[in-house]
Amino acid sequence: MKQKLQIFILDIFFGGREYKTKADTKKTPFPFITVFLALISTVLILCTVFSLVRISELSSEIATLKKQTVSLAAKKASLENELDHRYSFAEIIDSAKELGFSEDGGRVVYIETQDKDQDTSEENENSEDDPS
């Protein structure tokens, strides 16, 4: 009984029964599969991180382009407004009349003859014949 008590006390204080500390002569194989899986998961994580970084860059570029689009649209609207108010309708009508356009939508065409002296002489003769 004394021996059982000693074994019991040794089990309590030293963590269990006596273990043999004999070195195992059998070697364990290198865990190729574990290393391969760790390498694959590392590559996948890096690809995911680089993809997220690229997505962030592209999103930033898209936002910048949208801002430029809005500013260019505002500039276009202001330039069109400025162009619309640059000339008044009266100035446009006067310029059109000077260019030979009439108000009914047609164009006035003047035909000149090559011999101006002949036309003036005919007009003078006609005016002398008519006493009115």
Side-chain angles (χ1 to χ4, degrees):
M1 173 108 160
K2 188 175 180 184
Q3 192 177 23
K4 284 188 179 182
L5 186 61
Q6 280 180 338
I7 292 176
F8 181 71
I9 291 174
L10 287 175
D11 283 346
I12 291 175
F13 289 110
F14 294 110
R17 295 194 167 114
E18 295 180 33
Y19 293 105
K20 296 180 181 176
T21 57
K22 182 179 172 185
D24 200 9
T25 59
K26 185 177 178 185
K27 290 188 177 182
T28 58
F30 187 75
F32 287 111
I33 294 177
T34 306
V35 171
F36 181 72
L37 291 176
L39 182 66
I40 294 293
S41 25
T42 302
V43 168
L44 289 175
I45 289 172
L46 288 176
C47 287
T48 304
V49 168
F50 287 130
S51 297
L52 291 175
V53 168
R54 183 68 179 146
I55 288 172
S56 176
E57 289 173 356
L58 292 175
S59 297
S60 173
E61 188 175 336
I62 288 171
T64 303
L65 291 174
K66 283 183 180 179
K67 286 180 185 177
Q68 286 179 351
T69 303
V70 169
S71 67
L72 288 175
K75 187 174 182 180
K76 177 188 172 198
S78 69
L79 288 174
E80 284 179 349
N81 189 21
E82 181 182 332
L83 181 64
D84 289 342
H85 293 94
R86 187 171 193 150
Y87 299 106
S88 67
F89 287 117
E91 290 176 355
I92 294 172
I93 291 172
D94 291 339
S95 298
K97 284 181 180 178
E98 287 174 8
L99 292 173
F101 289 98
S102 66
E103 291 183 20
D104 62 354
R107 183 176 174 126
V108 177
V109 179
Y110 295 102
I111 300 175
E112 294 182 13
T113 61
Q114 292 179 349
D115 190 12
K116 292 184 180 182
D117 293 333
Q118 184 181 6
D119 291 338
T120 55
S121 63
E122 287 178 10
E123 288 177 11
N124 290 336
E125 289 175 7
N126 290 338
S127 61
E128 291 174 2
D129 291 338
D130 276 337
S132 53

Just list the side-chain donor-acceptor pairs under 3.5 Å for residues 58-70, sequence neighbours left out, or say none.
residue: S59; atom: OG; partner: I55; partner atom: O; Å: 2.9
residue: T64; atom: OG1; partner: S60; partner atom: O; Å: 3.0
residue: T69; atom: OG1; partner: L65; partner atom: O; Å: 2.8

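Once rounded to the nearest 0.5 Å, the distance linking CD1 of I45 with CD1 of I40 reads 11.5 Å. Atom CG of L39 sits about 12.5 Å away from atom OG1 of T34, to the nearest 0.5 Å. Between S78 atom OG and L83 atom CG the span is 11.0 Å, to the nearest 0.5 Å.
Residues E91 and R86 approach most closely at OE1-O, 4.3 Å, considering heavy atoms.
Between the side chain of S56 and the backbone N or O of L52 there is no donor-acceptor pair closer than 3.5 Å.
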